[in-house]
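Step one of this worksheet: look at the structure below.
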Amino acid sequence: MPKSGMSAVSGDAAAAPSWAHSPESEVSDEEVVLTKKDEVAREAAELLAQQKRLSVRDLTNKFERAQVAAQVAAAKVEHAHHTRVKETTMLDKEAVFKKLNGLLTDLRSRLGGRNKDDVEEGIKAVETLTVLFTQRESELADERAEVRKMVALFKQASGDAKTMVEEARAVAHNEIEAAKATAAKVEAALHEQEQIWTAADKKELEDLKREAQEARRIKMLHESSKATYIDMEHQIEGLRQQLAEKVGEVMKLRKELESLKGQGQEGMKQQLYQLTGHVHLGTTLSIVTMDDRASDISLCSFQWYRISAYGSYTHLISGAIRPQYAPEPFDVGKFLRAEINLPTGKLEAVQTSGPVDPAPGLKKYVEILVSKGGAQFNVRIVLKNGEIVEKQTLHTLDINKSRIKLHKGCTVKAKENYSTGMQLCGARGGGDAVALGLFWVPKKGMTFMLVLESEIERNAAILLSRTFSKFANIHLGGPDDVFSPGSLVQ
């Protein structure tokens, strides 16, 4: 509330004519009349000025401006001193309203007429503002109470969250401690167990470790790499060549010896035919002419025989009717003889100078395959049931302890268990690949002529199948082969 209005109101109560306060003064009637007129005029002017100052509209505007300024000031002060400033501001505003109401009431008692009505309107407006202010303050108080409740709830929730975190931390700490204690117990138990072990137990463990290391070393020695295997093959091939040279020299010496013996016999006759080739597995024996008087090979017929080392028996080799023959494992240790029927009806014969020798390393190779339980060989089918196979694709001959299977991928050509009706032997026909050929009769009415990749694989397949068939008490041989008592498959 401006001080000018308040001072004007308070000044009205003190303003009174000077003659009213000086009863003892002596003045004339004219002077008194003049003085009264001046005083009335002055008072009238002052009342007009007061009327201007105390109009309800002006009072309302001034009050609103003062209220806005007070609210801004209260908001600024509230940010620094919240509770104390709020109470002080509330008391100040109430005192202002009470003082303003008292001044307007005092002014109403002095004024009359229209001015009095304006003052009453001002009093009513002040009372209305007081009520509104009181309601607003009550609402603000309620809002502050709600805010305090929310702050209290937030504080409580924050406290609960902290409590939960602390509890979880405590539980985790306890679990960690329990785990550490368990680990310590286990470690102590292991340490105690190690101490309980006797020297004998430790020695046994060391022996087991040494045995395992030795087993690994032996395994590594037996598991040769591909390069080592190739190197071994080269070495074996070199030994074969040396052995073949030695065998050739021996055969040459034997032939010279037989020639010398023949020259000393009475009525010696010239030999027309001769066997060529080394007498051991993996080679091919061929009949050739030795004299121009000999009939052409193509005009003659042939039959091959096996003769025991001591000449006690001679067995015909069924199907061996060509001038070439490749010894098979059943011929090892026996002489081979070929009879030649000439076109003239005469009969000539040639015979090996000694028994057929085994192939170097074949027996050991077959023993390894037997220990593995079988083997697979790559073969090509040349004849099937006596007919030539035009498309000679690669197949697999699978030989194991119970059966022989010929297949290409998932397509099975033949699969039979060992039986008395099965036959398997080396090829007994002619040709350059006779040493690679294998004749197989899985069952009655089915025959195959197969060609393997090498001579050693052909002979190994024959020996392996015969070894497995003997486990089933079956002698696996070729057509019309005779097994003498006590004879063994070589």
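Only this structure's heavy atoms are used, side chains among them; waters, hydrogens and symmetry mates stay out.
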Which pair of heavy atoms, one from [X] and one from [Y], lies closest together, and at what distance?
| X | Y | value |
| --- | --- | --- |
| G478 | Q423 | C-OE1, 4.2 Å |
| I462 | G426 | CD1-N, 3.6 Å |
| A326 | A435 | CB-CA, 3.6 Å |
| N459 | P329 | OD1-CD, 3.6 Å |

| query | So V370 and L464, side chain to side chain contact (heavy atoms under 4.5 Å, CB included) or not? Walk me through it. | reply | CA-CA 7 Å; V370 171; L464 183 65; 3.5 Å; yes
Close side-chain approach of [X] to [Y], heavy-atom, < 4.5 Å:
| X | Y | result |
| --- | --- | --- |
| V379 | L406 | yes |
| C425 | R466 | yes |
| H395 | T411 | no |

Surrounding [atom1] of [X] (heavy atoms of other residues, nucleotides or ligands, distance under 6.0 Å), is the total greater than 12?
| X | atom1 | answer |
| --- | --- | --- |
| L208 | CG | yes |
| E387 | CD | no |
| N174 | CG | yes |

| task | Among I456, D331, V332, find the one that has a side chain to side chain contact (heavy atoms under 4.5 Å, CB included) with L281. | result | V332
| query | Given M422, which of N417, I474, I404 fulfils the side chain to side chain contact (heavy atoms under 4.5 Å, CB included) condition? | reply | I404
Supply the atom-to-atom distance [X] [atom1] to [Y] [atom2], rounded to the nearest 0.5 angstrom.
| X | Y | atom1 | atom2 | answer |
| --- | --- | --- | --- | --- |
| Y418 | R403 | OH | CZ | 8.5 Å |
| K384 | Q392 | NZ | CD | 13.5 Å |
| L383 | F448 | CG | CZ | 11.0 Å |
| T393 | I381 | OG1 | CD1 | 6.5 Å |
| K405 | L397 | NZ | CG | 11.0 Å |
| L452 | N378 | CG | CG | 8.5 Å |

For the pair [X] (side chain) and [Y] (backbone), establish whether a donor and an acceptor sit closer than 3.5 Å, ignoring hydrogens and angles.
| X | Y | result |
| --- | --- | --- |
| R458 | L450 | no |
| R428 | P479 | yes |
| N385 | T447 | yes |
| T283 | H278 | yes |
| S465 | A461 | yes |

| Residue pair Q156, D160: steps toward the side chain to side chain contact (heavy atoms under 4.5 Å, CB included) verdict | CA-CA 6 Å; Q156 184 178 0; D160 294 341; 3.9 Å; yes
Please set out all donor-acceptor pairs under 3.5 angstrom arising from side-chain atoms of residues 175-186, sequence neighbours excluded.
{"residue": "T182", "atom": "OG1", "partner": "A178", "partner atom": "O", "Å": "2.9"}

| field | side chain to side chain contact (heavy atoms under 4.5 Å, CB included) assessment of H407 paired with K415 | value | CA-CA 8 Å; H407 63 95; K415 179 182 177 181; over 6 Å; no
